[in-house]
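Each residue takes its place number in the sequence, starting with 1.
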Amino acid sequence: LMRLTDGVIALPLLPLLIVLAAIDPRKIGIPTEIAQSETFSLYRIVVIVALTGWTTVARLVRAETLSLKARDFTRAAQALGARPERIMFRHILPNAAGSLVVATTLSVGGLILLESTLSFLGLGTQPPAASWGNMLTGAQELLQQAPVLALLPGLLIFLTVIAFNFLGDGLQDALDPRSERRL
């Protein structure tokens with residue numbers, strides 16, 4: 001499993017997503033009527049992002065788990081005869097939860113940017129499906145007359161990504177067993 005993530009992580013994500021999104025679905029055996037349906041582009045981008053978006057989080061969680069497994073408190077639990085399930089749920093998972101949540105929320109922000117970029121380039125969700133990238137593409141022609149058409153989707157992308165980053169930071173503080181809790 002980690003060999004798969006090693007290879008995918010080594011490739012830059014945006015060019016990989018562009019190549020995957022540019023594949024003609026009819027050439028890989030998908031019938032024309034399905035490939036040209038309104039929802040196909042949405043499902044295709046969801047599958048592509050799902051296939052590639054988990055690798056960074058998986059590597060970080062694996063590294064954190066291996067680090068926690070080598071710590072003294074985990075070794076002490078093993079020496080006392082604790083079962084592996086207890087060690088995993090009682091010691092490793094609570095200590096890795098903060099890193100997992102932060103990595104996941106940061107990935108969500110990055111994946112929103114990737115989907116918007118692919119839609120802006122015409123490789124993501126296709127109109128009439130709503131996408132901030134499609135809105136930015138449509139606003140290019142009207143930039144002189146109505147700049148707010150480009151400003152609002154760009155601002156919403158920015159605010160959403162920042163919100164996910166703040167959410168991850170707050171959840172890390174709440175889930176970190178080493179932090180002092182103020183009541």
Side-chain angles (χ1 to χ4, degrees), residues 4-6 8-22 38-39 41-68 92-183:
L4 174 66
T5 61
D6 290 343
V8 174
I9 281 256
L11 295 173
L13 190 55
L14 184 58
L16 175 65
L17 289 176
I18 289 172
V19 168
L20 291 175
E38 292 180 11
T39 59
S41 65
L42 176 64
Y43 291 132
R44 179 174 69 174
I45 198 69
V46 167
V47 167
I48 289 170
V49 167
L51 287 174
T52 59
W54 62 273
T55 58
T56 303
V57 175
R59 286 180 63 109
L60 290 172
V61 169
R62 179 178 183 270
E64 182 74 15
T65 302
L66 292 175
S67 170
L68 290 170
I92 294 176
L93 188 60
N95 286 298
S99 299
L100 172 66
V101 168
V102 170
T104 302
T105 54
L106 289 175
S107 291
V108 168
L111 294 174
I112 289 171
L113 286 172
L114 286 171
E115 188 282 326
S116 298
T117 302
L118 289 175
S119 294
F120 179 76
L121 295 173
L123 298 171
T125 56
Q126 299 298 316
S131 169
W132 286 325
N134 289 338
M135 291 178 189
L136 287 171
T137 299
Q140 277 184 324
E141 300 168 1
L142 303 171
L143 198 55
Q144 295 292 346
Q145 294 86 4
V148 74
L149 291 177
L151 183 64
L152 288 178
L155 183 64
L156 288 174
I157 292 169
F158 173 75
L159 290 175
T160 303
V161 171
I162 292 294
F164 274 106
N165 289 348
F166 283 145
L167 175 67
D169 192 38
L171 287 173
Q172 180 186 24
D173 292 342
L175 295 173
D176 188 6
R178 296 173 295 253
S179 70
E180 293 181 23
R181 301 218 196 300
R182 295 183 182 123
L183 299 176

Distance col, row Ile157:CD1 vs Ile112:CD1, nearest 0.5 angstrom, shows 9.0 Å
Contact between Leu106 and Asn165 at the side-chain level, heavy atoms closer than 4.5 Å - yes or no?
yes
A side-chain contact here means heavy atoms from C-beta on lying under 4.5 Å apart; do Gln140 and Leu136 qualify?
no
Distance col, row Leu152:CG vs Leu159:CG, nearest 0.5 angstrom, shows 10.5 Å
Margin query: A quick test of your reading: do over 12 heavy atoms of other residues, nucleotides or ligands sit less than 6.0 Å from CD of Gln145?
Written below: yes
inquiry  = Closer than 3.5 angstrom, by distance alone: can the side chain of Ser119 be matched with the main-chain N or O of Glu115 as a donor-acceptor pair?
reply    = yes
In terms of heavy-atom contacts, Thr105 and Phe164 come closest through CB-O, 3.4 Å
pair Leu111-Leu114: side-chain heavy atoms closer than 4.5 Å: yes
Contacts of Leu149 meeting side chain to side chain contact (heavy atoms under 4.5 Å, CB included) (sequence neighbours excluded), chain-then-number -> Ala139, Leu142, Ala146
Those residues at least two apart in sequence (or on a different chain) that pass side chain to side chain contact (heavy atoms under 4.5 Å, CB included) with Val57 are Val61, Leu100, Ala103, Thr104, Ser107
